[in-house]
Amino acid sequence: MDYKRFARKQIESIRKTVGDGRVISALSGGVDSAVCTVLAHRAIGDQLRVIFIDDGLMREGEPQEVKAAFAKLGIRVKVIRAAGTFFKALKGKTDPEEKRKAFRHTFYNVFGKAVRDSKAQFLIQGTIAADILETRKGVKTQHNVLDQIGISAKKGYGFTVIEPLKTLYKPGVRKVGRALGLPKALYERMPFPGPGLAARCLGECTPKRIAVVRRACRIVEEETERFKKFQAIAALVEDQATGVTKGGSRRFGDLIAVRCVDSENAVTATATRLPWPTLMTIQKRISKEIPSVTKVLYDLSPKPPSTIEYI
Ligand code: XMP
């Protein structure tokens, strides 16, 4: 397939559909929303409003990095700071499904308000073929975002969704990204779950606990950067484990699980055979840089029976 041609055709089609209307796009930091935002910007320039919801559950420096990467492409991104709203919704919740529900509900509320406030007529969405397939099979929550944010066409909001990537799978999306001249860091980004670091934090997601897992994820990403893998993450376990202070007294601290997996499509996965010295460096850095941690574990479980994330 000629991905440059694909991109050109989508740009033309967006231009034709939108006319002189206004379009809103929400960046997630992931490759799908990045590619369709660039397609829309090439098509209609300043008629596009781009937002990024900072939910407080992003990777280290992510909101700033996304903003800077798009600024270099000439695209202005409005960051909506909503961390407080998300942490309030997650407060006291320890059940994984309840946490996912609280996240989803908050996301749709914040996003819905941003979309309505934008006064746009079109929403550009990075739906890909796998989303449609998994929605049909019931693996994923319905991907029709408009319904979920309470902007039903039936209620007369007159919104139209544009999904330029819906015929492609992830590798194809990455190729369109490359054809558009996006930086490699954007089109080769590692998958990151919608609920962000909440998916890597067992137990309550407080700002303090999320900060621990955020730092651990960064260390794991840095130390595994040179290896071929599908995903490399760290997760904070719910309980506390014993450790010992320099003075020799017992203390209880956080447990961090390190997970690095090989996979084609995230449906199945196996633990990556990371070299022992790399694992040791990860352990040393986590123990040194996050003093609350007393134990660092390497997760060997394949998917199935495990999953890649922790909730
Ligand atoms: P699991 O943990 O189910 O993850 O083995 C499979 C892949 O999906 C990502 N993932 C998500 N992506 N929203 C997303 O957009 C989510 O709620 C979500 N949960 C997991 C995960 O990072 C992995 O690549």
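One-based numbering, in listed order, for ligands and for the atoms of each.
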Can you check whether [X] has an N/O within less than 3.5 Å of an N/O in ligand 1?
| X | value |
| --- | --- |
| Ile308 | yes |
| Lys303 | yes |
| Phe230 | no |

Test log, rule side chain to side chain contact (heavy atoms under 4.5 Å, CB included), inputs Phe230 and Asp262: CA-CA 5 Å; Phe230 183 76; Asp262 300 326; 5.6 Å; no

Glu12 and Arg8 ion-paired at < 4.0 Å: no

What are the atoms of ligand 1, with element, lying closer than 4.0 Å to any heavy atom of Pro191? 24 (O)

In ligand 1, the atoms that come under 4.0 Å of a heavy atom of Thr307 are 1 (P), 2 (O), 5 (O)

Hey, is Pro195 one of the residues with a heavy atom under 4.0 angstrom from ligand 1? yes

Measuring from atom OG1 of Thr242 to atom CZ of Arg251, what distance do you get when rounded to the nearest 0.5 angstrom? 10.0 Å

Can you tell me if Gln125 and Thr127 form a side-chain donor-acceptor pair at under 3.5 Å? yes

When you compare the side chains of Thr85 and Thr106, does any donor N or O come within less than 3.5 Å of an acceptor on the partner? no

Nearest non-hydrogen atom to atom 7 (C) of ligand 1 belongs to which of Ala266, Pro304, Ala198? Ala266

Candidates Gln231, Glu309, Arg104; heavy atom nearest atom 24 (O) of ligand 1 found on Gln231

Compare all side-chain heavy atoms of Phe192 with those of Arg200 and state whether any distance is below 4.5 angstrom. yes

